[in-house]
Amino acid sequence: KDAGARAMPQKAASDNNRGVVRKGPQRDAPSVRKGPQQEVLVRSASGFRMRVGSLTQLHELQCGVCKGFIEAAVHAPCGHTFCHAHLEAGAAAWEDLEQQAAHMRELTVECGFSTKRAREALVEAGAAGLAKAKELCAKSASLEGRAVHVKPEITEPKFNWGMASHESVGVVLRCDDKQAWVSFPDTSGWHCLVAEIEVDQVADRIRDGAIVQLRAGSVPRKGRGGMVGDAVGTVCCRDGCQVTVLSPHGPWKGFVDELELVDPEIAAMSAEDKLAAAIVRLKAAVSSVLQPAATTAQLVSLLKSFLKACEKEDDACFVVQGTQREAILQLCGAVDLLRATGLEMTRWNNNRSIVVFELSLAGLSAQEVTDAFQVSARRVNVALAALETAFGPVQEAPPPDTYLYKALLHIPVELSELGLPIEELYSSLRDIIVPAIAPQGEEWSWQERGWANEGEMVDHLQVALSERRGAAEIAKKQSRDEAEKIIKRFLAQGMKATIEQDLSALGEAKFTMSKEWLRELPCG
């Protein structure tokens with residue numbers, strides 16, 4: 001090490017840090033001093049000598065094209081540095097660059113492939129051009145946007161399970177270099193190898209515009225909502241694994257693994273074929289029901305009531321509510337089975353706690369009415385026989401409770417006499433009222449408790465206090481079981497609460513749905 005190298009001027013050190021060797025008349029080859037640690041001395045173009053600590057650092061001064069020392073350094077956007085001479089191009093080269101840029105725009109902007117995949121495909125395609133690059137991009141991105149699940153034989157994915165499992169079904173967000181990132185309902189961006197996943201044949205058919213219904217046996221994570229009662233809807237948006245569906249009952253949001261396509265030929269199917277299809281859905285759905293025997297018993301009970309009405313040629317109109325309503329609307333295939341016998345769900349109240357099924361006889365002559373009852377009676381007998389074949393002898397459920405109930409909270413007299421503003425009084429009682437009408441972990445809404453929103457209930461409390469009634473409605477239009485549960489929770493908190501019949505809801509079941517709607521629904 002000589003004194004010149006130790007006393008290296010700051011300017012030379014600065015040039016070294018930037019990886020630049022300035023042009024000059026002299027360009028010495030580096031001299032290597034061997035010892036315990038090799039050092040390299042480089043004489044710069046301006047006459048200064050620079051010391052490079054090791055041979056590996058010498059690569060920072062090396063041009064990636066000519067492998068010599070960098071001259072007139074130019075820093076590229078990618079972070080590398082080259083000699084300026086290598087970046088000079090003639091007219092032909094510029095035309096070639098413009099063509100490559102046009103191909104990149106075609107692949108990325110028009111076709112939607114990633115920049116990385118487009119660049120790699122163009123390099124691999126070479127002289128084959130844009131068509132070959134598109135083919136290569138499409139081949140490597142074949143799983144993007146597809147619904148997939150983990151292959152059954154995979155016991156431990158390379159990047160661990162995380163929140164995923166063999167039962168998880170998601171949509172591939174990105175697929176690069178034999179790796180994939182999947183959006184599952186419970187985790188987004190799950191990382192895996194392409195070889196570890198395969199297409200889910202049922203969920204992969206759920207695309208925008210598809211006509212769908214809830215998959216038999218699935219329990220929607222966000223509730224049934226607009227897909228209640230075997231409703232058929234149109235997929236209006238699929239974002240990752242999340243799906244938005246429009247049905248006659250309203251919008252529904254869920255996931256691709258909770259839906260299945262509706263047979264496009266269902267409208268042309270015979271009544272016997274529709275019955276058989278409904279039984280298949282029922283068998284798949286019963287496995288997910290907590291009390292399958294009690295649930296099917298409610299369905300059998302309604303069918304036998306319909307059969308009696310057909311035999312007597314009586315008014316075939318049935319108000320379904322309470323436990324019977326829950327059993328029929330929540331069981332996939334039940335409403336389809338009733339439709340196949342002739343019963344249609346025609347009316348319901350706002351929160352669907354009351355549903356009306358009836359046989360449509362409007363506009364028929366006396367003989368046509370008789371024929372309709374006879375046809376429905378035959379179909380009901382076929383349905384009952386099919387249910388017995390599928391599930392064995394089914395006991396008929398006891399007659400359903402046709403009444404709805406309301407839960408009343410009794411306000412202590414001393415609280416009423418304090419004259420507190422209703423907002424202050426309600427804030428002191430809210431921590432008792434809300435957990436009582438909706439325990440943590442239960443799916444519920446204010447509409448299901450008989451109110452448009454929380455404010456409507458508070459207004460009712462205010463009226464009850466001002467009129468000194470002593471009791472105020474907390475939940476309305478409830479089944480007896482649900483109302484009794486609410487009362488027990490209030491009593492456990494030391495509050496007085498009672499239950500009464502609520503007959504006001506029957507007059508609200510008047511909204512009529514279109515029976516012909518099946519395939520089309522305007523999307524706005």
Side-chain angles (χ1 to χ4, degrees), residues 213 229-232 248 262-283 285-286 295-321 324-325 327-329 331-348 354-400 402 506 509-519:
Q213 61 187 358
D230 288 328
V232 176
V262 174
D263 187 346
E265 305 298 327
I266 189 171
M269 290 171 61
S270 65
E272 290 74 16
D273 290 339
K274 290 179 180 178
L275 279 171
I279 292 294
V280 171
R281 281 176 56 79
L282 276 169
K283 291 175 70 175
V286 162
T295 302
T296 51
Q298 295 290 352
L299 179 59
V300 169
S301 176
L302 181 56
L303 285 171
K304 289 186 175 180
S305 298
F306 183 34
L307 181 60
K308 292 177 183 178
C310 291
E311 292 170 348
K312 296 179 181 179
E313 294 189 11
D314 199 0
D315 183 24
C317 180
F318 303 94
V319 178
V320 177
Q321 53 188 315
Q324 189 176 50
R325 170 258 176 203
I328 292 174
L329 292 191
L331 187 63
C332 289
V335 176
D336 282 345
L337 186 70
L338 294 174
R339 286 197 193 105
T341 63
L343 278 180
E344 288 283 354
M345 185 170 69
T346 58
R347 291 176 287 162
W348 54 84
I354 303 175
V355 179
V356 178
F357 287 88
E358 57 187 326
L359 176 64
S360 180
L361 302 172
L364 300 182
S365 64
Q367 183 59 46
E368 289 173 335
V369 169
T370 299
D371 294 342
F373 276 122
Q374 291 176 353
V375 170
S376 292
R378 287 197 300 270
R379 292 177 180 175
V380 171
N381 282 319
V382 172
L384 290 172
L387 285 171
E388 186 170 353
T389 302
F391 304 107
V394 180
Q395 297 295 326
E396 184 177 352
T402 58
L506 286 174
K510 57 187 178 182
F511 179 78
T512 303
M513 63 175 274
S514 169
K515 301 172 187 177
E516 280 70 38
W517 185 91
L518 176 65
R519 296 186 59 84

Next item on the list: Indicate yes or no: at least one non-hydrogen side-chain atom of Lys274 is less than 4.5 angstrom from one of Asp336.
Entry: no
Notebook entry, point to check: Going by heavy atoms in the side chains, are Leu303 and Leu338 under 4.5 Å from each other?
Noted result: yes
For [X] against [Y], the heavy-atom pair lying closest together:
X: Cys317; Y: Glu358; answer: CA-CB, 3.9 Å
X: Ala285; Y: Leu331; answer: CB-CD1, 3.9 Å
X: Arg379; Y: Ala271; answer: NE-CB, 3.5 Å
X: Pro248; Y: Val232; answer: CD-O, 3.4 Å

Notebook entry, point to check: Among Leu343, Val356, Val355, Leu359, which residue meets the side-chain contact (heavy atoms from CB on, under 4.5 Å) test with Phe318?
Noted result: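 Result for side-chain contact (heavy atoms from CB on, under 4.5 Å) with Phe318: Leu343.
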Margin query: Strictly distance-based, threshold 3.5 Å: is any side-chain N or O of Thr341 a donor or acceptor partner for the main-chain N or O of Ser376?
Written below: no
Checklist line | Short N-O contact, Asp230 and Arg339, less than 4.0 angstrom | finding: no
Enumerate donor-acceptor pairs with a distance under 3.5 Å from any side-chain N or O in residues 381-390 to protein atoms, sequence neighbours excluded.
{"residue": "Asn381", "atom": "ND2", "partner": "Ala377", "partner atom": "O", "Å": "3.2"}
{"residue": "Thr389", "atom": "OG1", "partner": "Ala385", "partner atom": "O", "Å": "2.9"}

Next item on the list: Using side-chain contact (heavy atoms from CB on, under 4.5 Å) as the criterion, list what pairs up with Glu272, not counting sequence neighbours.
Entry: Ser270
Next item on the list: Could you tell me which residues satisfy side-chain contact (heavy atoms from CB on, under 4.5 Å) with Glu311, sequence neighbours excluded, listed by chain and number?
Entry: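 For Glu311 the side-chain contact (heavy atoms from CB on, under 4.5 Å) partners, ignoring immediate neighbours, are Leu307.
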Next item on the list: State the CG-CD distance between Asp263 and Gln213, to the nearest 0.5 angstrom.
Entry: 9.5 Å
